[in-house]
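To start, the structure under review is shown below, and the notes come after it.
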Protein chains: 2
Amino acid sequence: MPGAPRGRSALTRACAIVSRVKEAVEERRIFTEFLKQKKLKTTRERTALFDEIFSTHRHFDADDLVARMRLKGKKISRATVYRTLELLYECGLVGRVRLNEEKYRYERLRKGEHHDHMICTSCGRVIEFVDPRIEQLQDAVCRHHKFTATSHSHQIWGLCATCGVRAARAAAEVPA
Amino acid sequence: MPGAPRGRSALTRACAIVSRVKEAVEERRIFTEFLKQKKLKTTRERTALFDEIFSTHRHFDADDLVARMRLKGKKISRATVYRTLELLYECGLVGRVRLNEEKYRYERLRKGEHHDHMICTSCGRVIEFVDPRIEQLQDAVCRHHKFTATSHSHQIWGLCATCGVRAARAAAEVPA
DNA sequence: CTCTAGCTGAGATTCAGTCTCAATGACAAG
DNA sequence: CTTGTCATTGAGACTGAATCTCAGCTAGAG
């Protein structure tokens with residue numbers, strides 16, 4: 001059986017699971033309410049996907065999620081994954097962005113919290129940032145254009161600290 | 001023969017063409033220089049696409065462009081259109097953004113000028129905006145994260161002035 | 001427990017964008 | 001002007017993400 005005890009006691013693992021689940025208790029309530037309200041069903045698959053997504057804070061794409069489920073022995077089709085992500089997106093629990101790639105990236109959202117992204121074009125790392133002053137200026141720009149904003153996304157591409165240093169060093173070594 | 005004289009004199013049309021071409025004279029030089037430098041050829045298709053793109057200031061996607069060329073009686077394959085857009089993108093003459101859609105949007109760029117987009121989710125209109133104060137704050141955020149930015153994109157979704165007014169009016173008419 | 005409306009998975013489909021390759025064409029050199 | 005070479009083109013195959021289809025399955029109300 002994959003995932004059998006190894007090193008950590010059953011108790012330790014149980015505690016870790018409890019604390020993770022507790023973290024998402026509010027979100028779970030929102031999700032079930034949302035489903036009930038739309039007369040949708042709380043299926044095995046939706047619950048499993050919810051649990052997986054809310055067990056970490058990582059960014060992911062649809063296929064990552066399929067793979068992670070499969071690793072846990074749960075075979076859930078891509079169609080269902082997309083359908084569930086759509087639902088979670090609709091009820092505001094996950095965010096969905098295009099970082100100038102072919103595919104969407106999803107991320108767990110915390111209520112009322114917004115952030116934007118810096119993407120390292122060398123290593124692919126995604127760094128989140130928030131700046132209320134930028135958001136304020138944004139509001140001002142909207143007012144100026146009589147535009148009623150409902151959402152926004154703001155991405156910055158470039159080199160992260162690590163890759164920037166590496167690039168600078170490489171440039172120094174080959175001065176010609 | 002499609003596009004035959006109709007209403008406007010040949011002279012008027014000729015002047016319009018001249019003034020449009022003059023507008024893009026600098027860009028044309030940049031493009032041909034770029035091609036020469038990369039030992040690429042100035043083909044009939046590349047020239048035709050360049051002329052079409054630089055005859056307006058609209059945003060467009062690859063298939064729009066194919067259609068526009070076809071309307072003018074020039075059948076240019078999608079492959080060539082994509083290849084040419086890639087070249088124009090490389091030499092900085094056109095911009096390419098993903099506005100959280102499946103496809104890329106392209107737009108003619110003016111040298112050294114940068115702008116971001118507000119997209120009306122009702123009518124699809126795209127409004128350009130620039131705010132140097134936002135750009136400054138962005139730089140500050142990058143410095144804070146030791147991130148070396150090379151480019152960015154910033155989109156705001158919502159209702160444009162027209163659609164906003166219409167929505168407000170609709171809401172007022174159905175108060176229940 | 002039953003029944004039904006909603007759900008799932010496998011695979012077909014779509015759609016933007018890229019790739020392939022044989023035929024064509026730009027253009028430099030003669 | 002002619003020639004030779006090598007980039008370019010177009011038709012259509014291909015890819016990969018996302019969506020759709022539909023027969024069989026299941027949640028959950030009654």
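Chain A is the first sequence line, chain B the second, and so forth, proteins listed ahead of strands; every chain is numbered from 1.
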Atom pairs and distances, side-chain donor-acceptor, residues 33-46 of chain A, under 3.5 Å, sequence neighbours left out:
unit_1	atom_1	unit_2	atom_2	d
A:Lys38	NZ	A:Glu90	OE1	3.0
A:Thr43	OG1	A:Arg46	N	3.2
A:Arg46	NH1	A:Lys41	O	2.7

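The side chain to side chain donor-acceptor pair (under 3.5 Å) check on A:Gln155 picks up A:Ser153, B:Ser153, with sequence neighbours excluded. With sequence neighbours left out, the ring pair (Phe, Tyr, Trp, His ring centres under 6.0 Å) criterion links A:Tyr82 to no other residue. B:Arg70 is linked by a salt bridge (Lys or Arg N to Asp or Glu O under 4.0 Å) to nothing, counting only residues two or more places apart in sequence or in another chain. Checked against ring pair (Phe, Tyr, Trp, His ring centres under 6.0 Å), A:His145 has no partners two or more places apart in sequence or in another chain.
Direction change of the helix axis from one end of the helix from C:dC1-D:dG30 to C:dG30-D:dC1 to the other is 30°, with five pairs defining each end axis (rounded to 10°).
Hydrophobic cluster of B:Leu159: no remaining members, since no ILVMFWY side chain lies below 4.5 Å from it. The other members of the hydrophobic cluster of A:Met118, by chain and number, are A:Ile127, A:Phe129, A:Ile134, A:Leu137, A:Val141, A:Phe147, A:Ile156, B:Met118, B:Ile127, B:Phe129, B:Ile134, B:Leu137, B:Val141, B:Phe147, B:Ile156 (side-chain heavy atoms under 4.5 Å, ILVMFWY only). In this structure, A:Ile119 belongs to a hydrophobic cluster whose other members, linked by side-chain heavy atoms under 4.5 Å apart, are A:Val97, A:Leu99, A:Val126, A:Trp157. Hydrophobic clustering, defined by side-chain heavy atoms of Ile, Leu, Val, Met, Phe, Trp and Tyr closer than 4.5 Å, leaves B:Val165 isolated from every other such residue.
Of the N and O atoms on the side chains of B:His152 and B:Gln138, at least one donor lies less than 3.5 Å from an acceptor on the other residue.
Regarding A:Glu101, its CD atom lies at a distance of 11 Å from the C1' atom of D:dA17, rounded to whole Å. What separates CG of A:Asp64 from P of D:dG16 is a distance of 15 Å, to the nearest Å. The NZ atom of B:Lys38 sits 16 Å away from the C1' atom of D:dC6 (whole-angstrom rounding).
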Contact state string [nucleotides 18-30 of chain D, B base, S sugar-phosphate only, - no protein heavy atom under 4.0 Å]: BBBB-----BS--
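When DNA chain C is scanned 5' to 3' for any atom under 4.0 Å from a heavy atom of chain B, the first and last hits are C:dA16 to C:dC27.
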